[in-house]
Amino acid sequence: MKKVLLFITILNGIAVFAQTEVPDTIPGRELDEIVVRGEKPQVKGENGIIVVDLPAIVRDKPVSNILEALGYMPGVVNNNGMIGLTGASDVTVVLNGELTNMPVENLYQLLYSIPLDRLKNVEVMYSAPPKYHVSGAVINVVLKTPTPLDGLQGQVRAGYNQAHYGSYGAGLAATYAVDDWTFDLNYGLSRTRSWNREETQSNHNVDGNRTMIEDDMRRIGRNLTNTLFLSTSWKTLKFTYNGQITSHVKSRNLSSGSLGDFTNLYRMLSPVNYHNLVLRYTFSFGTTVGGDYTLYSEKRSQSLFQNSDYLLGSDKRQSIDRYRLYIDQEHHFGKWTLNYGAEYLHSDDHSLQKYAASGISDFDDTLTEDVGNAYIGTQCSFDWGLSFNVSAKEEYYHNKYRHNWNFIPGLGATYYTTPTSIFQLNLGSQRIYPTYWELHGGTSYINEYSTVIGNPKLLPYIQYDAQFNYILKQKYIATLYFQYGDKTTVQLPYQSPDELNLVYQTVNMNYKRVVGLNLYVPLSLGYIWNGAVTANTFHQREKADCFHDISFDNGKWIFYGSLSNSFKFGQDCPVSLSVDLSYISPSVQGIAGLSSLWRLDAGIKWQFGKKRCWELNLKADDIFNKWSPTMTINHAGQDYRMKVRDMTRNLKITFIWRFNGFKPKNNNIDISRFGTGK
């Protein structure tokens, strides 16, 4: 079962500096001491791109890796490991301007393994230029490039996380450069145990007769994950491998209620494999050619029991081979830059599902998909304050169910008369495709009452986004945004009118529309206190004329607010504290309503040892365990309530050792379409 929650966010932050000229005619005078203090700008804007000095923002925060740091960036929220961007319906994270083509969970594992000290800055693009080969919003994580003078640098990390169960992990990161060669290695190992709980009440109507079905479900899982990122480059030739192997995967769903006691056992018959190889070369005349190959495979078994009686079982298998080739060309004509290129992507998804002790038909199918596109774009910066990028992309999509052409325009513009007053406008669109598994139409049983069903008729949908940013003094930020998803999708429980069967199926709605205003205000009191306030007010409306056999039109004003704080008790004090508070008012999701949520986080960071090469981070997330919603459906005969009682409270402790100068400077999440689901 999927639980999709609506969480919104923040936007930018920063600072300004001043210069003073002294006329030569003033007589010289010797002073005992002059101390000049200034604030380094943390946000810059050009060509519709926002460049954020994230290392400076999280300097005193109890974070040790890039994934955790992104949650403190203006405009970004990290909701239990899922990255979102205010004003954007969806966001893709890329590394050094290169699309990784990784499933989102694998990408987040990689970001978790990369040390914060490797981070140079972060670029936010609400409408990414097509040369990034991504439609929609992009967060570009720019890493520092090692030089031969640096020698071998790296860090070792070990951590423990206590939620309902304990999990632990370790990692190694190292960089090295010699002559024209550079090497980059990140390895992470984690042993994870998870626990989730849901209490549901389904007042089900069949032929005018109501039946109350109550259920208390707990999900318990565990896995061992190895993540490896290896990159090597020689001049402008670059090779990258990233992979993840997840083994010892087991989970149990324990359900008890009106219909009895059920146990659902899930087990991976072999490790889940993800491997991606990337090769990229840039010629001296501005042409870049590249390609990558992705292999993904998993084999999952399911067994459903009522008490000790075996009810049914199934085996699911998915094997995906995906190839991508692209070519980009860039020309410079004074202040103008012209870029154009093409991309081709081919994938073969071989999936099957076989049932035991069930009357449902098996399937064994191969889904072939081809996507090709060509683009042209230009960008320019004028001395009088205007800079922009504008692009147009034509895309062709084909599989055995449908084929279509898509025109995808994009615009990003920045204007300012002085650096203290910046205006930005972004317009973009993208086509979002369903997961491979959903298109096969397989069925999975949660228990004897609830099922998850695929949808071969599921359509891709088009998402339109627009944002207008005003940045005052490189510090205070206001974002007015508009989002419109034409035929957007949703997966929610639906009570069948013909039988006692609760169905989870992803379907297309008419549209989802969001209009909102986000304000970001940083605060400070010298080195003692640094904080930031975010206030995001928006109206969300979702409409469907055909949600199974009913319709709905659901809309609501929603508020999201957060306050983050960092404290230090001396300018060179090795200890810093943080306290963060977040709140979201009642919201909507399709036909459902979601309750309000709030959370309080706190942490401490201690740097010690020679040149402070040791670091200890202690962080408590959602101390009062309130970041779980209650979902209510009461419309057109549907009467359903789900109370999520997940253990979102957890305590994290992380030790870090940096070697050979790999130390912090004191002056300073492609949507996954892989997986069989459950």
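Heads up: numbering here begins at 1 and tracks the sequence.
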Does this structure show an ion pair linking [X] with [Y], if we count only N-O contacts that are shorter than 4.0 Å?
X    : Y    : result
D117 : R658 : yes
K652 : D621 : yes
D646 : R197 : no
K316 : E298 : no
E198 : R219 : yes

Under a 3.5 Å cutoff, is there a donor and acceptor pairing between the side chains of [X] and [Y]?
X    : Y    : result
S444 : Y504 : no
S202 : Q495 : yes
S319 : S297 : no
T506 : E438 : yes
D216 : S256 : no
T489 : N508 : no
Y323 : D292 : no
Y296 : D349 : no
D184 : S231 : no
D348 : H346 : yes

Just wondering, do N253 and Y266 contact through their side chains at under 4.5 Å, heavy atoms?
->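 Result yes, sub-4.5 Å side-chain heavy-atom pair found.
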
Are any of the side-chain heavy atoms of Y293 and H275 separated by less than 4.5 Å?
->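 They are not in contact (no side-chain heavy atoms under 4.5 Å apart), so the answer is no.
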
[X] side chain vs [Y] backbone, donor-acceptor pair below 3.5 Å:
X    : Y    : value
N307 : D309 : no
Q353 : T443 : yes
Y310 : G313 : yes
N264 : I446 : yes
Y241 : L228 : no
S595 : T630 : yes
D315 : Q302 : no

Rounded to the nearest 0.5 Å, how far apart are NZ of K626 and OG1 of T648?
->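 Rounded to the nearest 0.5 Å, the NZ-OG1 separation comes to 10.0 Å.
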
Value rounded to 0.5 Å, distance of CH2 in W627 from CG in D601 |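 The CG atom of D601 is 9.0 Å from CH2 of W627, to the nearest 0.5 Å.
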
Should Q201 and I213 be marked as a side chain to side chain contact (heavy atoms under 4.5 Å, CB included) after you check the CA-CA gap, both sets of side-chain angles, and the distance that decides it?
-> CA-CA 6 Å; Q201 295 176 336; I213 299 175; over 6 Å; no

Nearest atoms (heavy-atom pairs only) where [X] meets [Y]:
X    : Y    : result
Q505 : G454 : NE2-O, 2.8 Å
L492 : G590 : CD1-CA, 3.9 Å
Y355 : D362 : N-OD1, 2.9 Å
L70  : V76  : O-CG1, 3.0 Å
V58  : A69  : CG1-O, 3.9 Å
S628 : V644 : CB-O, 3.3 Å

What class does the angle between the rings of W195 and H164 fall in, given that below 30° is parallel, 30 to 60° is tilted and above 60° is perpendicular?
->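 Taking H164 first and then W195, their aromatic rings lie parallel (interplane angle under 30°).
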
